[in-house]
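Just below is one structure, and these are the notes that go with it.
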Amino acid sequence: PDRADARAGAEHRVAGVRHAFSGIRYMAGDLFVVVAPSGAGKTSLVNAMLAVEQGIRLSVSHTTRTPREGEVEGREYHFVSRGDFEAMIAAGDFLEHAEVYGNYYGTSRRWIEAELASGHDVLLEIDWQGARQVRKLFPGVVGIFVLPPSIEELRRRLTARGKDAAETIERRMASAREEISHVLEFEYIIVNEVFDVAVADLQAVVRAARLSRDRRQNRLSRLLDEFR
């Protein structure tokens, strides 16, 4: 299931960045955010890419919603009580968080900080608003937006999943239009028409970002110093 499905829709986001990080934007690892409307296939693409690409960790969000059948603690989400989540908000434990249809969702600040400091690349699956908030703290974040090949195909995929009522599908379609209106805020855009091609495109973005001038300069500073 799409981890960020429920988080689309501006009217339901309630809280954003609470803490700034001293020096965190220049950490050894790279930070990627992947955004897509529900039904675009984002989570399937990310999972397929992570299976073949080394050195990148997926951030697992915290939520107060009840686990669905087949979901595993620590894989899809970290499932916590509302009281514990609100205590984590007060402690500044989240990079960004939202309340969506009565449930909280949040991205762990401390885990991301530790992973980046250790030189691991980190990937976040969040909505466009969360991505915008993350960029305020990490100007060098690599933003990736996944599009369906058409609005008709998006509706077909949502319907084919067979897990949502018609009213829910219409709500997701409305959220998709809002989400897609922000597509040009992202550095890379992948159209998920042929799955294997889209996976290769996502992997190519990750590898290209790692080879960019700014990131190579940061990671290879010792080697570059030898030639000065």
Residue list, side chain to side chain contact (heavy atoms under 4.5 Å, CB included) with Asp164, at least two apart or on another chain = Arg161, Thr168, Ile169, Arg172

State plainly whether one hydrophobic cluster holds both Ile190 and Leu58, where clusters connect Ile, Leu, Val, Met, Phe, Trp and Tyr through side-chain heavy atoms under 4.5 angstrom apart.
-> yes

Among the clusters formed by ILVMFWY side chains lying less than 4.5 Å apart, do Val52 and Val205 turn up in the same one?
-> no

At their closest point, which heavy atom of Leu158 faces which heavy atom of Gly39, and how far apart are they?
-> CD2-CA, 3.8 Å

Rounded to the nearest 0.5 Å, what's the gap from CZ on Arg228 to CD on Glu226? Could you check?
-> 11.0 Å

Members besides Val194 in its Ile/Leu/Val/Met/Phe/Trp/Tyr cluster (side-chain heavy atoms under 4.5 Å) | Val197

Is the shortest side-chain N to carboxylate O distance from Glu187 to Arg135 below 4.0 Å?
-> yes

Enumerate the residue pairs fulfilling salt bridge (Lys or Arg N to Asp or Glu O under 4.0 Å) with a member in residues 191-200, sequence neighbours excluded, ordered by first and then second residue.
-> none

Mind checking ring-ring contact (aromatic ring centres under 6.0 Å, His included) for Tyr188 and listing every partner two or more places apart, or none if nothing turns up?
-> none

Nearest heavy-atom pair of Ala198 and Asn192: which atoms, and what distance?
-> CB-OD1, 3.6 Å

Quick one: ring-ring contact (aromatic ring centres under 6.0 Å, His included) pairs with a partner in residues 189-212, sequence neighbours left out?
-> none

Tell me, do Asp93 and Ile89 make a side-chain contact under 4.5 Å, heavy atoms counted?
-> no

Start with the C-alpha distance between His97 and Tyr105, add both sets of side-chain angles, then the distance that settles side-chain contact (heavy atoms from CB on, under 4.5 Å), and finish with yes or no.
-> CA-CA 6 Å; His97 65 278; Tyr105 297 81; over 6 Å; no

Decide yes or no on side-chain contact (heavy atoms from CB on, under 4.5 Å) for Leu123 and Ser59, but give the supporting numbers first.
-> CA-CA 6 Å; Leu123 187 147; Ser59 173; over 6 Å; no

Could you tell me whether Arg82 and Glu86 have a side-chain N and a carboxylate O separated by less than 4.0 Å?
-> yes

Which residues share a side chain to side chain donor-acceptor pair (under 3.5 Å) with Gln203, sequence neighbours left out = Glu53

Measure the CD-CD distance between Gln133 and Glu96 for me, rounded to the nearest 0.5 Å.
-> 6.0 Å

Begin with the C-alpha distance, continue with both residues' side-chain angles, and end with the deciding distance and a verdict on side-chain contact (heavy atoms from CB on, under 4.5 Å) for Ile56 and Leu50.
-> CA-CA 7 Å; Ile56 185 166; Leu50 293 175; 3.4 Å; yes

When every non-hydrogen atom of Leu95 is compared with those of Val134, the smallest separation belongs to CD2-CG2, 3.6 Å

Got a sec, which residues hit side chain to side chain contact (heavy atoms under 4.5 Å, CB included) with Glu153, two or more places apart in sequence or on another chain?
-> Pro149, Ser150, Arg156, Arg157

Quick check, are the ring centers of His62 and Phe79 under 6.0 angstrom apart?
-> no

Salt bridge (Lys or Arg N to Asp or Glu O under 4.0 Å) test vs Arg65 passes for just one of Glu99, Glu76, Glu71, namely Glu71

With sequence neighbours excluded, what pairs up with Ser181 under the side chain to side chain donor-acceptor pair (under 3.5 Å) test?
-> none

Answer whether the closest heavy-atom distance between the side chains of Ile144 and Phe186 falls below 4.5 Å.
-> no

How long is the gap from CG on Leu154 to OG on Ser38, to the nearest 0.5 Å?
-> 7.5 Å

Hey, any chance Val60 and Val72 share a hydrophobic cluster, counting ILVMFWY side chains that come within less than 4.5 Å of each other, even indirectly?
-> no

Please work out whether the ring planes of Phe85 and Tyr104 are parallel, tilted or perpendicular, with thresholds of 30° and 60°.
-> parallel

Where do Val142 and Ala209 come nearest, in terms of heavy atoms and distance?
-> CG2-CB, 3.9 Å

Residues at least two apart in sequence or cross-chain that pass side chain to side chain donor-acceptor pair (under 3.5 Å) with Asp84, listed by chain then number, are Ser81

By ring-ring contact (aromatic ring centres under 6.0 Å, His included) - contacts of Phe32 (at least two apart) | none

To the nearest 0.5 Å, what is the distance between CH2 (Trp111) and OG1 (Thr107)?
-> 10.0 Å

Would Asp121 and Arg210 pass as an ion pair if we require N to O under 4.0 Å?
-> yes

Supply the atom-to-atom distance Glu73 CD to His78 NE2, rounded to the nearest 0.5 angstrom.
-> 6.0 Å

All ring-ring contact (aromatic ring centres under 6.0 Å, His included) counterparts of His182, not counting sequence neighbours | Trp128

Side chain to side chain contact (heavy atoms under 4.5 Å, CB included) partners for Val183, two or more places apart | Phe145, Leu147, Ile189

Interatomic distance, CD@Glu125 vs NZ@Lys42, rounded to 0.5 Å, equals 5.0 Å

Test Leu45 against Val146 for side-chain contact (heavy atoms from CB on, under 4.5 Å), laying out the working first.
-> CA-CA 9 Å; Leu45 288 176; Val146 178; 3.7 Å; yes

Quick one: which of Val33, Asp30, Leu31 gives a side chain to side chain contact (heavy atoms under 4.5 Å, CB included) with Phe138?
-> Leu31

